[in-house]
Amino acid sequence: MDDHSPRPQKRQRMNDLADSAKSTAPPKLSSTSSPPLSTLRPLPPPVLLLALPALLAHPPSHEHYPLSLFLSLRALRRCLELKTLTPDVECRAWTGLAEVGLRVVYSGFTTSGEHAWENGIEAEVEKAIGKGLLMAQKHPSLRPLRHRLSLLNAEFAFQSNNTKYARALLRRLMASFMSSDPPSIVYMAHLALITHLTLAPPPVHGASNSGAPSAPELQAALTTITALSSLATQKGHLAIEDLAAVLRARVLVGAGLWDLVGDALSAAEKAMQLDFHTGEETPVKGQGQGVEKAKQDTAEALIRSYSITAQDVHSSASSQSQSQSNSNPAPNPSPAEEPSSVPGPKATDSLTLTLTAHVLILGVIFHTHAGRARAADTRLAALHALMDGGALVGGANSDGLVEIPLPGHDSIFLQTTHPHIMFLLTFLVSAVAKRDPVSRRPKKRVFAECGVLQCKEGRLGEEGSIRINVPLWASYGDVTAVEQRALRIEADLLCELVTVSIQRSDFEAAESHLATLIAHTRTHDFFPVYAARISLLHAHLAHALGDTERAGTCYRVAAHLDGAGPVGSGVVLGGGFIAAAARAGEALLHIGLSVIQSPPPSSVPPVEQASLQLDASTTFLVKDALARCSSGASAPLPALGELISAALARSHIIRSKSLLKHALELLSAAGDNYLRALVLAVVGAQYVYTAPAHAMEVLAVCETLGAGMGAKPKKAEEGSGVASLSNETQTKDGVGNAPLRLWVGERFLELFKRSGKESRVRKQEAFNAVYQAAVDDFGTHRARLW
């Protein structure tokens with residue numbers, strides 16, 4: 001059949017296929033439902049090839065992700081091979097080639113050698129960026145692509161560990177912006193520079209980067225955040241102002257600049273309309289005020305400074321039983337809090353929800369660090385209410401991509417902390433914030449166990465590991481980063497389980513969790529990161545079991561691994577919290593060993609007690625520990641410093657009481673009943689001769705806390721949700737802190753004998769025999785552990 005208007009061969013084949021399919025196609029509902037095929041025009045090959053990467057895009061979790069990258073690269077290369085390309089098409093092709101090539105680099109294909117088509121992709125990306133920038137500079141209409149290519153150039157330099165060049169590119173880009181440029185690209189440049197200043201580049205070939213920015217980098221990051229906030233205020237973009245406020249608080253917390261965190265956190269909470277009234281927003285008394293109190297001139301002021309009253313003793317021990325023979329020794333050491341409304345997010349959009357969650361987590365971390373338990377609890381309750389609502393960034397199955405609206409301009413899509421990590425992080429900060437081990441079901445252990453269970457279900461669920469949703473433009477590196485964060489959160493949660501098990505004298509559980517922690521960190525190849533912390537946990541376990549030699553060795557190993565120099569070397573203090581905690585623990589261990597040779601504190605009147613005699617090495621160790629505790633603001637280091645100073649000032653009873661009172665205030669504010677029981681034991685011993693009744697009251701609270709560390713959950717009756725109080729259906733409580741209860745029991749026995757209470761003497765002797773048997777069983781644990 002003759003055709004007077006011949007069509008291209010490709011078009012004719014399409015018509016043939018359409019005609020052949022008429023017999024099997026369903027009848028048309030309307031003659032105007034679709035235009036006839038003869039009216040469609042073929043896409044130009046350059047446009048089609050440029051559109052293919054978007055059509056072929058797959059997330060990294062898809063099985064065809066490598067194939068989509070390969071086909072996208074082939075399409076863009078074929079496009080660039082075409083002749084007579086217009087400048088805009090050619091520049092877009094170079095930009096697309098750079099974007100896809102960077103995804104290949106981030107996915108680690110270039111180092112794995114798994115595919116041959118990845119060879120030389122870094123050079124191709126560098127060439128694509130250079131060609132695109134050269135073309136964009138020649139044509140003013142391509143200015144938006146020039147900005148995009150500049151960001152890609154900085155990202156590629158940062159990925160290649162050329163951080164200085166990457167920052168210089170971003171600063172040059174920021175200086176070249178004009179008033180006509182869209183605000184979205186201006187904000188993106190500021191955010192990229194903040195990221196490059198506060199984070200280390202990705203590790204290369206499996207190497208580990210510290211990721212600790214220097215002081216000039218932090219200052220530059222804070223300056224950039226200030227500029228970002230000022231720019232958003234000038235343009236009236238409130239969402240960017242909120243983001244800048246949260247970024248400032250996050251950067252300061254990550255850098256450990258705690259003196260500046262308070263104001264930044266308050267500004268971020270104000271921006272997110274989070275109003276907390278706890279009456280505890282200002283820190284408790286300064287670290288050195290206990291010493292200054294002891295130096296006051298007047299006798300009246302002196303008595304007020306060091307006297308430890310019943311109110312001080314019971315400040316955070318309300319609703320506690322004072323009878324050690326109570327069948328249910330499960331005190332509630334937390335003060336009764338008045339019910340208050342929990343503030344919620346000011347809006348329900350994804351950006352506000354995720355910023356609110358970040359502010360709440362930062363608030364819990366800061367107030368826990370500062371030792372303000374009430375302030376941390378209120379923010380933790382708001383965080384739990386937000387996370388339990390399930391609306392955070394679309395829930396745990398979303399990809400963490402949020403939209404920042406800019407009225408009158410294009411929105412910005414920002415990748416935030418992945419929701420899966422946010423949920424696991426909530427368990428971790430909850431376990432860290434709950435310091436009290438005195439309860440039938442300590443919240444620290446509950447949150448830590450649930451968090452570990454969630455981590456394991458994410459990796460080893462019945463249906464396999466969960467699928468981590470990430471945006472289409474993400475890479476394998478993004479998925480790996482989420483998985484690595486989840487693994488490290490699991491390791492942190494195991495550390496919390498070891499801690500609470502040691503505090504509650506559950507040594508079998510502590511041993512099991514320690515073994516799991518070591519296997520977990522070695523399996524996933526980040527044991528060196530946790531080596532110092534694991535050594536400190538081993539030291540605490542050995543110290544609790546009475547193995548002084550092993551405890552001292554583990555303390556020294558932990559301090560060394562954390563960067564601390566030798567004791568007495570005269571070098572500048574190195575290391576962080578772990579080194580300070582290790583030196584404080586070793587100092588208290590050596591002080592205790594020195595006191596063993598001297599008479600017990602209550603067997604000699606206080607006025608006759610001599611100063612503690614320490615050898616030269618222990619003296620240097622104590623000075624080093626005091627220096628670290630005084631320079632560290634993280635609870636409970638200041639309280640440990642006061643406790644060590646009080647032990648050294650045993651002959652100066654007034655100064656010692658003043659120091660102990662200050663330590664008691666710090667620990668009560670922090671909600672740390674574990675160390676609080678130790679301080680109360682020392683305080684009670686000081687009043688055995690001068691005020692026996694007060695000593696009995698103090699020691700009774702101490703003994704109750706020690707018993708509460710062994711309280712077990714009640715066993716519910718079958719068919720009933722009510723717990724039974726009968727001995728047949730209730731789980732038997734453990735001894736708790738046996739060494740502490742034995743020491744307190746010996747003080748009780750001495751007081752009862754002095755007052756002539758024979759019946760109480762016999763009961764106390766029976767109690768002490770039980771405690772002594774529990775302490776003797778420690779030898780079995782030591783033999784099994786090492």
Side-chain angles (χ1 to χ4, degrees), residues 60 108 195 198-204 206-213 250-251 253-256 357-358 361-362 364-365 368-369 383 387 396 400 415-434 444-445 447-461 465-466 468 470 474-500 513-538 558 561-563 575-578 581 634:
T195 301
T198 54
L199 298 179
V204 179
S208 59
N209 293 344
S210 61
R250 184 182 184 277
V251 169
V253 170
H358 279 83
I361 290 177
L362 293 174
V364 173
I365 294 173
T368 301
H369 164 86
L383 177 63
M387 301 302 291
Q415 179 65 48
T416 62
T417 305
H418 198 276
H420 179 61
I421 298 301
M422 291 293 291
F423 277 95
L424 298 181
L425 195 59
T426 302
F427 285 104
L428 178 59
V429 297
S430 301
V432 172
K434 299 298 182 180
K444 176 186 282 290
R445 187 175 65 187
F447 284 122
E449 289 177 344
C450 293
V452 171
L453 182 61
Q454 292 293 325
C455 291
K456 290 183 177 180
E457 287 183 354
R459 293 186 294 109
L460 307 171
S465 59
I466 64 172
I468 299 177
V470 292
S475 63
Y476 276 153
D478 299 312
V479 177
T480 303
V482 174
E483 294 174 346
Q484 287 296 315
R485 291 190 185 101
L487 291 173
R488 297 202 179 198
I489 290 176
E490 183 177 353
D492 292 329
L493 289 167
L494 288 172
C495 291
E496 296 301 321
L497 282 176
V498 175
T499 299
V500 72
H513 293 316
L514 258 178
T516 304
L517 173 62
I518 294 174
H520 178 74
T521 53
R522 287 190 177 277
T523 300
H524 301 288
D525 199 24
F526 50 83
F527 176 80
V529 180
Y530 286 82
R533 193 171 178 183
I534 292 174
S535 300
L536 181 62
L537 293 174
H538 271 292
L561 291 175
D562 197 38
F577 177 84
I578 294 178
S634 179

4.5 Å side-chain heavy-atom contact, [X] and [Y]:
X: Arg488; Y: Val529; value: yes
X: Leu424; Y: Cys455; value: yes
X: Asp492; Y: Tyr530; value: yes

What heavy-atom pair brings [X] and [Y] nearest, and what distance separates the two atoms?
X: Leu425; Y: Ile361; answer: CD2-CD1, 4.0 Å
X: Thr368; Y: Val432; answer: CG2-O, 4.0 Å
X: Ala486; Y: Ile421; answer: N-CD1, 3.6 Å
X: Gly400; Y: Thr416; answer: O-OG1, 2.9 Å
X: Ile578; Y: Ala558; answer: CG2-O, 4.2 Å
X: Phe447; Y: Phe427; answer: O-CD2, 3.7 Å

For Arg445, look at atom CZ and say whether over 12 heavy atoms of other residues, nucleotides or ligands are found less than 6.0 Å away.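 Buried by this count: over 12 neighbours within 6.0 Å.
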
How far apart are the C-alpha atoms of Ile468 and Val470, what are their side-chain angles, what is the distance that settles it, and do they pass the side chain to side chain contact (heavy atoms under 4.5 Å, CB included) test? CA-CA 6 Å; Ile468 299 177; Val470 292; 4.2 Å; yes

Spacing of [atom1] belonging to [X] relative to [atom2] belonging to [Y], to within rounding of 0.5 Å:
X: Leu517; Y: Leu537; atom1: CG; atom2: CG; answer: 7.0 Å
X: Ile534; Y: Leu561; atom1: CD1; atom2: CG; answer: 10.0 Å
X: Lys456; Y: Thr516; atom1: NZ; atom2: OG1; answer: 6.0 Å
X: Gln454; Y: Leu428; atom1: CD; atom2: CG; answer: 13.5 Å
X: His520; Y: Leu494; atom1: NE2; atom2: CG; answer: 6.5 Å
X: Leu536; Y: Thr499; atom1: CG; atom2: OG1; answer: 8.0 Å

Does the plane of the ring in His524 sit parallel, tilted or perpendicular to the ring in Phe526? Use 30° and 60° as the thresholds.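 Aromatic pair His524/Phe526 classed parallel.
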
Tell me whether Asp562 contacts the main-chain N or O of Gly576 through its side chain, where contact means a donor paired with an acceptor under 3.5 Å.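 The answer is yes, because a donor-acceptor pair under 3.5 Å joins these two groups.
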
Check whether Lys444 reaches the backbone of Val500 with its side chain - one donor and one acceptor, N or O, closer than 3.5 Å.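 Checking the backbone N and O of Val500 against the side chain of Lys444, no donor-acceptor pair under 3.5 Å is found.
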
Worked verdict on His418 versus Arg485 for side chain to side chain contact (heavy atoms under 4.5 Å, CB included): CA-CA 10 Å; His418 198 276; Arg485 291 190 185 101; over 6 Å; no

Show your working on salt bridge (Lys or Arg N to Asp or Glu O under 4.0 Å) between Glu496 and Arg533 and close with a plain yes or no. CA-CA 11 Å; Glu496 296 301 321; Arg533 193 171 178 183; 3.3 Å; yes

